[in-house]
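Worksheet: one structure, shown below.
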Amino acid sequence: MATIIVQPGGARAGRQRVNLTAIAHNRLMLLLILFLVVTGVLILRLTWVGIFANGAHGDDALSAFLPARADIVDRNGVPLARTMDAYSIAVRPSKLIGDPSELARKLHEIFPDESEAVFRKKLAGRGWAYLRRRALPEEVAAVNALGEIGIEFPREKERLYPQRTLAAHILGFAPNAEGVGGMGVEAAFNDRLIDPARRGSPFAMSIDSRVQGALESELYAQLVQTRAKGAGGIILDANTGEVIAMASIPVFDPNKLQNYAGKRCSESPLCNHMVQARYELGSAFKPLSIAAAMDAGVVTSMSKRYDATAPLAVAGFRIKDDHPLGRWINVPEILVHSSNIGTARIADEMGAEPLQKLFRNLDFDQRAPIEFNERAKGIWPSSWGRITSMTTSYGHGIAVTPLHLATAYAALVNGGMWRPATIRKLKPDEVPEGRRVFTAATSARMRQLLRMIVSAGTGRSADAKGFRVGGKTGSAEKPQEGRYNKTSLVTTFASAFPMDNPRYVVVAIMDEATGQYGLRTAAWTAAPVVKRVIERTGPMLGVMPDERRDVDISDLMPLLHGDKENE
């Protein structure tokens with residue numbers, strides 16, 4: 001029988017192993033408890049900061065994860081301005097090992113838009129200087145390959161505009177991510193864009209970048225074709241006041257700002273002519289004036305006739321028509337043939353007060369009705385004598401911005417309600433109630449008349465088939481040195497579509513354009529732009545062409561004499 005021998009130290013060794021395991025277990029539990037306590041404290045702290053921290057006490061922990069400036073997007077969420085970590089390229093001249101002239105030549109090859117002389121001056125300077133802000137990665141790599149130890153590549157927060165020149169005048173610019181916006185949305189909504197409580201969410205503009213691109217491209221094509229000095233356009237929601245697109249040419253790239261300090265608006269690409277430049281917009285005012293006469297009870301019948309047999313002599317002035325009909329004409333004929341004489345006679349019969357009241361209700365004596373900081377006030381006549389009432393009725397002697405005209409046409413066709421324009425995307429409950437400036441009946445009649453102008457009058461070249469366009473041409477001589485320059489025209493076409501249920505106002509303006517065969521008036525220069533823009537953008541905006549629908553103008557067509565003159 002085998003004998004089992006028990007060693008005296010075996011029991012002690014077993015007990016030691018058990019004790020060590022228990023100690024290790026206790027330590028692990030203690031570490032786990034400490035970890036849970038620290039984690040809980042951190043979670044509570046972050047929750048406290050997120051809920052109760054006051055922005056006035058400085059940046060909190062969460063703000064480190066937010067952009068220094070909120071993104072700006074279009075109404076569909078397309079990014080148009082963003083804050084990003086970007087490369088810059090700088091130089092410390094004292095550390096350069098190469099020849100500055102040779103280095104300047106190589107830098108010019110990488111950045112051909114900057115001259116060798118500018119680079120040479122910076123390389124030969126005494127202090128640290130930027131060679132390039134917002135440099136692309138491939139540009140940084142090319143400069144780095146030069147092997148110059150005196151060139152540095154700091155990373156900085158930069159405001160970038162990925163669509164480059166698209167909607168530049170609307171966006172404006174910010175010199176850097178933390179700075180104050182210089183113009184446009186960047187300046188007008190600066191507080192919103194840098195607000196710690198809101199900069200984590202993008203600022204949604206009212207514009208549609210697709211429509212904006214189409215408007216800009218058509219205006220630029222027309223500017224080149226007609227050799228115009230400048231061009232611009234606006235697409236406005238007729239029922240909300242939202243700006244769907246706004247373009248001013250020439251343009252600028254907010255990523256590559258240059259110094260335009262001291263230059264007048266007319267000389268600077270930074271100038272947004274749609275809100276900063278004032279024009280005498282000529283015959284585009286005629287529908288507004290006649291609508292005022294209808295509401296004042298002066299024009300009570302479309303068949304009422306006015307003497308246009310000869311120029312109208314008043315206070316030493318002669319009011320005449322570019323294409324005189326030489327006969328008595330009725331109200332539809334005044335608009336279809338764009339008669340200065342007929343419009344002036346209606347204004348004379350109406351008197352100054354109703355016309356002044358309308359123009360003030362349309363904010364023609366105020367700054368352009370939009371949120372931008374840079375916007376011009378209309379040029380209001382110094383006195384309102386008889387001749388002033390007559391000339392302003394057809395758009396001379398008073399100057400406004402194209403945006404003034406766009407908001408006026410919105411009221412003219414939407415049932416009579418004027419609303420200020422806005423660059424913000426509005427929610428349904430944010431649309432302003434507006435103020436009534438025309439009666440609903442007058443607005444309905446004006447929709448007929450504007451449609452007639454396009455189907456049978458001076459606006460025929462804007463007739464985009466199936467879109468039921470209505471509008472009015474305007475060709476005005478530019479004032480120069482106290483008189484009008486007969487060879488310098490600003491041409492305008494103000495319109496809306498679809499005229500049976502107006503949704504959008506479209507205004508196009510050409511500055512000193514020369515149309516085909518030297519034809520310079522709005523029918524040849526501005527109206528064709530509107531046609532092409534509506535054809536391209538209508539479906540984007542949910543308006544499909546339908547040639548089975550139209551405004552009923554059957555009661556007005558018999559009033560036309562039959563001979564069609566172009567303005």
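For this chain, numbers begin at 1 and follow the sequence in order.
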Geometric class of the Phe497/Phe467 ring pair [parallel <30°, tilted 30-60°, perpendicular >60°]
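Ring orientation, 0 to 90° scale: perpendicular.
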
What closest approach, in Å, do [X] and [Y] show between heavy atoms, and which atom pair accounts for it?
X      : Y      : result
Leu426 : Pro432 : CD1-CD, 4.2 Å
Leu362 : His404 : O-CD2, 4.4 Å
Val91  : Lys122 : CG1-O, 4.1 Å
Ala376 : Arg278 : CB-CD, 3.1 Å
Gly172 : Pro254 : O-CB, 3.6 Å
Ala214 : Thr537 : CB-CG2, 3.6 Å

How about [X]: does its [atom1] atom have over 12 heavy atoms from other parts shown lying under 6.0 Å from it?
X      : atom1 : answer
Arg105 : CZ    : yes
Met84  : CE    : no
Arg126 : CZ    : no
Arg82  : CZ    : no
Phe111 : CZ    : yes

State whether [X] and [Y] are salt-bridged, where the test is any N-O pair (Lys NZ or Arg NE/NH1/NH2 against Asp/Glu carboxylate O) under 4.0 Å.
X      : Y      : value
Arg132 : Asp113 : yes
Glu512 : Lys478 : yes
Lys427 : Asp429 : no
Arg159 : Glu186 : yes

Under 3.5 Å, side chain of [X] to main-chain N/O of [Y], donor-acceptor pair present?
X      : Y      : result
Asp253 : Thr165 : no
Arg375 : Thr401 : no
Ser461 : Trp524 : no
Glu242 : Ala421 : no
Ser206 : Val243 : yes
Tyr279 : Ile509 : no
Asp237 : Tyr504 : no
Asn414 : Ala238 : yes
Glu216 : Ala167 : yes
Asp74  : Asn76  : yes

Sequence neighbours left out, what passes ring-ring contact (aromatic ring centres under 6.0 Å, His included) with His273? Give chain and number order.
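If we apply the ring-ring contact (aromatic ring centres under 6.0 Å, His included) test to His273, skipping adjacent residues, there are no hits.
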
Do the side-chain N and O atoms of [X] and [Y] include a donor-acceptor pair separated by under 3.5 angstrom?
X      : Y      : value
Ser283 : Thr473 : no
Thr491 : Thr525 : yes
Thr422 : Glu371 : yes
Glu218 : Gln222 : no
Arg536 : Ser217 : yes

Any chance you could lay out the side chain to side chain donor-acceptor pair (under 3.5 Å) test for Tyr87 and Glu158, step after step, and finish with the verdict?
CA-CA 9 Å; Tyr87 281 106; Glu158 292 285 356; over 6 Å; no

Could you pull out all residues at least two apart from Arg503 that satisfy side-chain hydrogen bond (donor to acceptor under 3.5 Å, both in side chains)?
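None.
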
List the steps, then state whether ring-ring contact (aromatic ring centres under 6.0 Å, His included) holds for His396 with Phe285.
CA-CA 9 Å; His396 283 77; Phe285 267 46; 9.3 Å; no

Do Met510 and Val490 have side chains that get closer than 4.5 Å, going by heavy atoms?
no

